[in-house]
K.L.:
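Shown below is the structure under consideration.
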Amino acid sequence: MKVKDVVISFTSIRRVLNGDFDGKQVNVRGWVYRKRTGKKVVFVVLRDATGIIQCTVKRDSLSWDEAQKVSIESSVTVSGTVRSDGRAPGGFEISINELKIVGLAEAFPITKDQSEEFRRDVRHLWLRSQKMNAIMKIRSKVLKLVHEFFRKKTFIEVSPPMFISSAVEGGATLFGVKYFDRDLYLTQSAQLHLEVLIASLEKVYCIAPSFRAEKSRTIRHLAEYWHIEAEQAFATMEDLMRLEEDLVSHICQEVAKDCKNELETLNVDTKRLAEVQPPFPRITYDQAIEKLSKMGYKVKWGMDFGFEDEKALAKEFGKPFFVYAYPKESKAFYCKMYEENPKLVMSVDMIVPNIGELATGGSRIDDKEKLIVRLKEFGLKEEDYDWYIDQRRYGTTPHGGFGMGVERLLAWMLNLETVMETIPFPRTTRRYYP
RNA sequence: GCCGCCGUAGCUCAGUUCGGUAGAGCAACGGGCUGUUAACUCGUGGGUCGAAGGUUCGAGUCCUUCCGGCGGCGCCA
């Protein structure tokens, strides 16, 4: 059967609200956000990806019956005349000539009374909310900014594997997967593979999922999260810290500039983001310990900080800051020791208010023998890491990099209660549906 | 892994102290009213009180076990 389609162009609600179409005829399509019926007029509030606009259907309209039938979240197309009207939220409304129901919705389960738990049960529907719409737009923007940032600095984007044979940190926190007839793991970081790639590309980065089988029960952990990772040949600790603070500052400033509507929806103070700029304060682990003990916290030298400690420090700075030069025993096997004090390693954490650790990075051991010693000290098998050691066999260089959690970044930027709100379908110990 | 909390209508909750026929608001449905702003208003339907077992004349309520979920710490990004 041959059908000749009538070509109709549709306008985004955002453009209508901008006033580009005042007094003009427009076609708009979307979903019914609210509906209020009266004897003489039906108000159909319509949403699309870009915004929300009130539409009116009058008693004498041919679409009157259709407007009566329409339910919350039904998909519709409307055509009508745009009128500037102070009574309409947003200042403009569409006086409908024709309303067509595309998909009539059953009674929508999400109403004004919700709990966090219920929203997670119906996550696939909650994603339609104005809040999630705004968060997803900003997430998209942030990912775009990360790519722009690294590419501008001549980093090459690489695609690391998700299936891996050896652990990054040797932990018991890997998800095992059946891989044909053997057992492999899902990656928890691309770092080791990125380190190998720098011998070819010098500066590499990726945005990829990482998986952690930790039974964490906190607002800042996911079993599956997105990881911004970068690795750079010949980089010093100074290079790394600058790279990290420049990245975060760039993202915050650009989001403040370009996502005003979304930030308003989320009640985020644009100024707070616009003011994020380098340099970030830097303190050593020893200085942090000193600060904490002055504040009355008991921290044992050699232990990494707990969440309470991080929050206390962050409260004092009120913005992102670095802690570096950690005791060797508190960090991973690949961390490079300071020559002048081999008890300390060149590892640096970026800590932000409310969320704590946002990124961890540092210089990696570039000497083959030292690396092997450390591997053994961690009880790891040399042969599992042979490919990684090769990096040190054939033209080793000082180098370093960092990993940053996309969800933690967003949760901090947008002042959200938990990282779960920053990803469309969060996976935690107990949540894997939808 | 350790500690704490929750589960009653589609949703949000009250009812648990002190055991005695299962309630409200919102949503849905039917009416009324209104250029409405998550409208207002009258009415109607809606329940295996997470599950199983126990105590009791009688259990949403007390006891035991299990299931599901939430949060804190630890681990980490």
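Throughout, protein chains are lettered first and strands after them, A, B, ... in sequence-line order, and every chain is numbered starting at 1.
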K.L.:
Specify whether A:His227 and A:Tyr225 have parallel, tilted or perpendicular ring planes, treating 30° as the upper limit for parallel and 60° as the lower limit for perpendicular.
P.N.:
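Plane angle between 30° and 60°, so tilted.
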K.L.:
Take atom NZ of A:Lys58 and atom P of B:U36, then tell me their distance rounded to the nearest Å.
P.N.:
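Interatomic distance, NZ of A:Lys58 to P of B:U36: 13 Å.
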K.L.:
Using atom P of each nucleotide, how far apart are B:C73 and B:G30 to the nearest Å?
P.N.:
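Straight-line distance between the two P atoms is 50 Å.
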K.L.:
Starting at CZ of A:Arg47 and ending at P of B:U37, how long is that distance when rounded to a whole Å?
P.N.:
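Whole-Å distance recorded here is 21 Å.
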K.L.:
Hey, does the side-chain of A:Glu93 have a donor or acceptor N/O within less than 3.5 Å of a partner on the base of B:G35?
P.N.:
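Yes.
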K.L.:
Is the shortest heavy-atom distance from the side chain of A:Trp387 to the side chain of A:His193 under 4.5 Å?
P.N.:
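A side-chain contact under 4.5 Å exists here.
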K.L.:
Heavy atoms only, 4.0 Å cut-off, all strands: where does A:Glu116 land among base, sugar-phosphate and nothing?
P.N.:
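Answer is nothing: A:Glu116 stays at 4.0 Å or more from every strand.
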K.L.:
Quick one: A:Lys331 NZ to B:C75 P, roughly how many Å, whole number?
P.N.:
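One finds 10 Å between P of B:C75 and NZ of A:Lys331, rounded.
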K.L.:
Report the residue (A:Glu357 or A:Met420) whose heavy-atom-nearest nucleotide on RNA chain B is the more 5′ of the two.
P.N.:
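Closest to the 5' end, via its nearest nucleotide, is A:Met420.
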K.L.:
Taking pairing as Watson-Crick or G-U wobble with both contacts under 3.5 Å, can you name the mate of B:C66, or confirm there isn't one?
P.N.:
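Result: B:G50.
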K.L.:
Rounding to an integer number of Å, can you tell me how far A:Phe108 CZ sits from B:A38 C1'?
P.N.:
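After rounding, the gap between these two atoms is 14 Å.
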K.L.:
Quick check, are the ring centers of A:Phe333 and A:Tyr385 under 6.0 angstrom apart?
P.N.:
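Yes: the rings meet the under 6.0 Å criterion.
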K.L.:
Between B:U8 and B:A14, how many Å separate the two P atoms, rounded to a whole number?
P.N.:
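My reading of the P atoms in B:U8 and B:A14 gives 10 Å.
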K.L.:
Which part of the nucleic acid, if any, lies within reach of A:Thr218 when heavy atoms closer than 4.0 Å are counted: base, sugar-phosphate only, or nothing?
P.N.:
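If one applies the 4.0 Å heavy-atom cut-off, A:Thr218 turns out to touch a base.
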K.L.:
If you compare every side-chain N and O of A:Arg430 against the phosphate oxygens of B:C67 (OP1, OP2), does one of them come in below 4.0 Å?
P.N.:
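Looking at the OP1 and OP2 atoms of B:C67, neither is under 4.0 Å from any side-chain N or O of A:Arg430.
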K.L.:
For A:Leu104, is the CG atom crowded, meaning more than 12 foreign heavy atoms sit under 6.0 Å from it?
P.N.:
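Result for CG/A:Leu104: enclosed.
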K.L.:
Would you kindly check whether a donor in the side chain of A:Arg431 faces an acceptor in the base of B:C70, or vice versa, at under 3.5 angstrom?
P.N.:
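Check fails, no donor-acceptor contact within cut-off.
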K.L.:
Return the pairing partner of B:U21 with a 3.5 Å limit on both distances, Watson-Crick or G-U wobble; otherwise return none.
P.N.:
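When the pairing criteria are applied, nothing turns out to pair with B:U21, so the answer is none.
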K.L.:
Would you indicate what A:Arg220 reaches in the nucleic acid, counting non-hydrogen atoms under 4.0 angstrom: base, sugar-phosphate, or nothing?
P.N.:
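Base contact.
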K.L.:
Decide yes or no, distance alone: a donor-acceptor N/O pair under 3.5 angstrom between the base of B:G72 and the side-chain of A:Arg217.
P.N.:
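Looking at the base of B:G72, it does not pair with any donor or acceptor on the side chain of A:Arg217 (distance under 3.5 Å).
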K.L.:
Determine the interatomic distance between P on B:A59 and the same-named atom on B:U41; round to the nearest Å.
P.N.:
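Taking atom P in both B:A59 and B:U41, they lie 40 Å apart.
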K.L.:
Classify A:His227 by what it touches in the nucleic acid, base, sugar-phosphate, or nothing, heavy-atom distance under 4.0 Å.
P.N.:
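Sugar-phosphate contact only.
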K.L.:
Can you tell me how far OG of A:Ser140 sits from CD of A:Glu262, rounded to the nearest 0.5 angstrom?
P.N.:
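Here the interatomic distance stands at 10.0 Å.
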K.L.:
In whole Å, what is the span from the CZ atom of A:Arg427 to the P atom of B:A77?
P.N.:
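One finds 22 Å between P of B:A77 and CZ of A:Arg427, rounded.
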K.L.:
Specify the residue among A:Asp349 and A:Phe118 whose closest nucleotide of RNA chain B lies further upstream toward the 5′ end.
P.N.:
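Between the two, 5'-proximity favours A:Phe118.
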K.L.:
Measure distances between side-chain N and O atoms of A:Ser216 and base N and O atoms of B:C76, and say whether any donor-acceptor pair falls under 3.5 Å.
P.N.:
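It does not, because no donor-acceptor pair links the side chain of A:Ser216 to the base of B:C76 below 3.5 Å.
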K.L.:
So A:Gly356, base contact, sugar-phosphate only, or nothing? Heavy-atom distance under 4.0 Å.
P.N.:
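Nothing: the residue A:Gly356, judged by heavy atoms under 4.0 Å, touches no strand.
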K.L.:
Can you tell me whether the side chain of A:Arg83 and the base of B:G35 have a donor-acceptor pair closer than 3.5 Å?
P.N.:
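Indeed there is one.
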